[in-house]
Amino acid sequence: MAAPQSDPSLSPLKTIAVVGLGTMGTGIAEVLAKAGREVIGIDVSEAQAAKALAALETATARAVAHGRLTEEERADALGRVRTSTDLTAAADADLVIEVAPESYEIKQQILRDLDGVVRPDAILATGTNALSVTRLAAGSARPERVLGLHFFNPAPAMKLVEVVSSVLTAPQAVAAVTDLAVELGKEPVAVGDRPGFVADGLLFGYLNQAAAMYEAKYASREDIDAAMRLGCGLPMGPLALLDLIGIDTARTVLDAMYAESRDRLHAPAPILGQLSEAGLTGRKAGRGFYTYRAPGSATVVPDALTPAADGTPAAGREVRSVGVAGSGTMASGIAEVFAKAGYEVVLAARTEEKARAARARVGASLARSVDRGRLTAEAAAGILDRIVPAGSYDAFAGVDLAVEAVAEDLDVKRQLFAALDKVCRPGAVLATTTSSLPVVACARATTRPQDVIGMHFFNPAPAMKLVEVVRTVLTGDEAHATVRGVCERIGKHAVDCGDRAGFIVNALLFPYLNNAVKMVQEHYASPDDIDAAMKLGGGYPMGPFELLDVVGLDVSLAIEKVLHREFREPGLAPAPLLEHLVAAGCLGRKTGRGFREHARR
């Protein structure tokens, strides 16, 4: 069935010129033409203009093949597009959208030239995602008609459009462009003028930190990307995304952000400059963080940094039985994971009553799986039978692996590890599920630090595929190999990282969440607009404020304090707004109020 076409009579912006017919400009032209607008595509290169027309023909033919357009609608859309290499072709345009390279010199020259071409009432929009709209507008003869209109790539598919006002922009121009975006089937978000705006302002800080993490050799590129995909549900890992965006483009955006914020977290990681200067700018060059089959290809091919697929894994110890310490949601979830994989599990808590309650939670989870047809009743009963509750950690005397999932308190964990050291047999591996505390501090509470390691599961443990395997400077190879083997048997994707605050996921996730809170604190954008921008523009499964309310503002604040204390970066200091909400008892869903109101359960 063909997609409904918007009625161009609703908007005064009927004839629209697009200056710059690269990938983004061509995509914007396609969106406009399919929505009934007259489109004038302008590019200094005649060959590029011809390439854009060919791309439009291919894209609209694909839309017909998939039933999104009829042949008649395709012919009409293509008939509404004409191209030129001369800016004077924009003389009759109601709106001009420039998507030229990210350069003040180039963009300002285009806007100055357009001043002498377009009608006095025509609106001039810049597609920049890194440069100051105010600075660009100031060079125009009529700055009140200049604004930012930031589409996301690929423009035909991505719903988000950021409408950027400067202090000079006329409200009527903003209203006209916002109405147009709605008629194009997009979701416009109104934002002020600052580098990166909302989506890229949050996204590129996160990407920069991922690049710095890789540069520091803290984790491999594959593990960093897998951690963020599996731990946060993101469609792509940060290093693969940098390759897609273009490493040189990312560096330009970060330079602009740093010029305004002077936040070291926005200062481009040196590796971005090194790769850019070497011409290794990502997919478009055939090589960036990864190596691709050819320039422009999305297919990653092995290179010197690719882990060997046929390497013989180090030998670990045999694990037949597992002890899980704790009685909360994480402990019961981990016990379920091990029991499903065939391990005999001892689930121990401070009292047998708590241990039985945790086992009952596993039973309820298994019953839900039976109701949904994922397990038979017999299989669920067999899994539950493999979990034995215990009211004392003495029950861990015979286990091969002990995993603690108790309160995120270093004193509590150190006391527990001292107890496990006395109870567990020699050769047993002792693992902590901490998400923010130093694993080595747990190890030092024992007489066998070589057998202590981090196994950071993600909640809910039965559903989340990721486990961060955290080696301390004291962890032995045999203990590490044992845990890697166990992760494989329980069907989890293990990523290796060192023992520092936040490991991979939290060290990249929580500064991003903190920066989102700062945007609200500074009245730059609302939680609703920021959540919409990150879901629609970044492909995030949840917006940052939805996620903060789910995780808990108190938990988030605690992790941000740990990150700030370890890395000493001023930009990692928790946003005062987050601290105020926690002090007021507004902790998110669990209290009924966080950044939003929630129904109390």
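Hydrogens, waters and symmetry mates play no part in the numbers below; they use all other heavy atoms, side chains included.
The main-chain N or O of G476 is never found under 3.5 Å from a side-chain atom of D451 such that the two would form a donor-acceptor pair. The main-chain N or O of F545 is found under 3.5 Å from a side-chain atom of D531 such that the two form a donor-acceptor pair. Checked by atom type and distance alone, the side chain of N459 never pairs as donor or acceptor with a backbone atom of T329 at under 3.5 Å. At least one donor-acceptor pair under 3.5 Å links the side chain of R386 to the backbone N or O of A339. A side-chain donor-acceptor contact under 3.5 Å links D225 to the backbone of L239. Side chain of N129 to backbone of G196: no donor-acceptor contact under 3.5 angstrom is found. Judged by distance alone, with hydrogens and angles left aside, the side-chain atoms of E404 form no donor-acceptor pair with the main-chain N or O of T432 at under 3.5 Å. For R448 (side chain) and D421 (main-chain N/O), a donor-acceptor pair under 3.5 Å exists by modelled atom type. A distance-only check finds a donor-acceptor pair linking the side chain of K492 to the backbone of M464 [under 3.5 Å]. A donor-acceptor pair under 3.5 Å is formed between the side chain of R359 and the backbone N or O of I387.
Around CD of E488, the count of heavy atoms belonging to other residues, nucleotides or ligands within 6.0 Å does not exceed 12. More than 12 heavy-atom neighbours from other residues, nucleotides or ligands sit within 6.0 angstrom of CD on E260.
Here the OG atom belonging to S556 is positioned 9.5 Å from the CG atom belonging to N514, to the nearest 0.5 angstrom. Atom CG of L275 is separated from atom CG of L242 by 9.5 Å, given to the nearest 0.5 angstrom. Considering CD of Q209 and CZ of F567, their distance stands at 9.0 Å, rounded to 0.5 Å. To the nearest 0.5 Å, atoms OH (Y393) and CG (L420) are separated by 8.0 Å. Annotation: the span from T299 atom OG1 to Y290 atom OH amounts to 14.5 Å, rounded to 0.5 Å. Separating the CG atom in D549 from the CE atom in M542 is a distance of 8.5 Å, to the nearest 0.5 Å.
Electrostatic pairing of R484 and D477 does not count as a salt bridge here, judged by no charged N lying under 4.0 Å from a carboxylate O. Residues R361 and E336 are not paired through a salt bridge, judged by the lack of any N-O separation under 4.0 Å between the basic side chain and the carboxylate. Using a 4.0 Å cut-off between charged nitrogen and carboxylate oxygen, R589 and E597 do not count as a salt-bridge pair. With respect to K518 and E522, no salt bridge is recorded, no charged nitrogen being found less than 4.0 Å from a carboxylate O. Between D499 and R471 there is no salt bridge, since no side-chain N of the basic residue sits under 4.0 Å from a carboxylate O of the acidic one. Comment: K413 engages E408 in a salt bridge, judged by a side-chain N to carboxylate O separation of less than 4.0 angstrom.
Within the cation-pi definition used here (under 6.0 Å to the ring centroid, within 45° of the axis), R489 qualifies as a partner of Y343. Both the sub-6.0 Å distance and the 45° axial angle are satisfied by R500 relative to the ring of Y218.
Of all non-hydrogen atoms in T475 and H480, the two that sit nearest each other are CG2-N, 4.5 Å. Considering every non-hydrogen atom in both L265 and N208, the closest pair reads O-ND2, 2.8 Å. The shortest heavy-atom contact between V362 and S332 is CG2-O, 3.2 Å. The shortest heavy-atom contact between C487 and V469 is SG-CG2, 4.2 Å. Counting all heavy atoms, side chain and backbone alike, A355 lies closest to A349 at N-CB, 3.8 Å. Residues F396 and A402 approach most closely at CD2-CB, 4.2 Å, considering heavy atoms.
With a 4.5 Å cut-off on side-chain heavy atoms, I490 and F338 count as touching. Residues L466 and F457 form no side-chain contact, since every pair of their non-hydrogen atoms from C-beta on lies 4.5 Å or further apart. With contacts defined as side-chain heavy-atom distances shorter than 4.5 Å, the pair L241/L207 qualifies. Between Y206 and M228 there is a side-chain heavy-atom pair separated by less than 4.5 Å. Counting only heavy atoms from C-beta outward, the side chains of R317 and L401 never approach each other to under 4.5 Å. In this structure, V495 and I504 have side chains that are in contact, with non-hydrogen atoms separated by less than 4.5 Å. Taking 4.5 Å as the limit, some side-chain heavy atom of T434 sits within range of a side-chain heavy atom of F503. Between I224 and P238, some side-chain heavy-atom pair lies under the 4.5 Å cut-off.
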Please lay out, stage by stage, how R356 and L347 fare under the test side chain to side chain contact (heavy atoms under 4.5 Å, CB included). CA-CA 8 Å; R356 289 187 181 281; L347 180 54; over 6 Å; no
* To do: Applying side chain to side chain contact (heavy atoms under 4.5 Å, CB included), run through V322 and V399 and close with a yes or a no.
  => CA-CA 5 Å; V322 177; V399 303; 5.9 Å; no
* Decide side chain to side chain contact (heavy atoms under 4.5 Å, CB included) for E352 and K354; before the verdict, give the C-alpha distance in whole Å, the side-chain angles of both, and the deciding distance to 0.1 Å. => CA-CA 5 Å; E352 189 159 340; K354 285 181 177 291; over 6 Å; no
In sequence, state the C-alpha distance, the side-chain angles, and the governing distance for R221 and D303, and then conclude on salt bridge (Lys or Arg N to Asp or Glu O under 4.0 Å). CA-CA 12 Å; R221 60 189 180 181; D303 58 20; 2.6 Å; yes
- Go through the steps to decide whether F458 and V505 satisfy the test side chain to side chain contact (heavy atoms under 4.5 Å, CB included), and finish with yes or no. CA-CA 10 Å; F458 287 75; V505 174; 3.7 Å; yes
*Check the pair E546, K535 against salt bridge (Lys or Arg N to Asp or Glu O under 4.0 Å), reporting the backbone distance first and the verdict last.*
CA-CA 11 Å; E546 291 176 295; K535 288 191 290 185; 3.2 Å; yes
From CA spacing to verdict: side-chain hydrogen bond (donor to acceptor under 3.5 Å, both in side chains), H456, T433
CA-CA 4 Å; H456 180 212; T433 62; over 6 Å; no
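Residues satisfying the side-chain hydrogen bond (donor to acceptor under 3.5 Å, both in side chains) test with E162, not counting sequence neighbours, are H150. Scanning for side-chain contact (heavy atoms from CB on, under 4.5 Å) contacts around P576 gives Q521, H580, with sequence neighbours left out. Residues forming a salt bridge (charged side-chain N to carboxylate O under 4.0 Å, His left out) with D400 (at least two apart in sequence, or on another chain): R320, R425. For T482, the side-chain hydrogen bond (donor to acceptor under 3.5 Å, both in side chains) criterion is met by no residue, not counting sequence neighbours. For D394, there are no salt bridge (charged side-chain N to carboxylate O under 4.0 Å, His left out) partners at least two apart in sequence or on another chain.
Between Y540 and Y512, a ring centre-to-centre spacing shorter than 6.0 Å is recorded.
Side-chain contact check for R414 and T446: no donor-acceptor pair (N or O, by modelled atom type) lies under 3.5 Å.
Evaluation of the salt bridge (Lys or Arg N to Asp or Glu O under 4.0 Å) test over residues 551-564, restricted to residues two or more places apart or in two chains, returns D554-K590.
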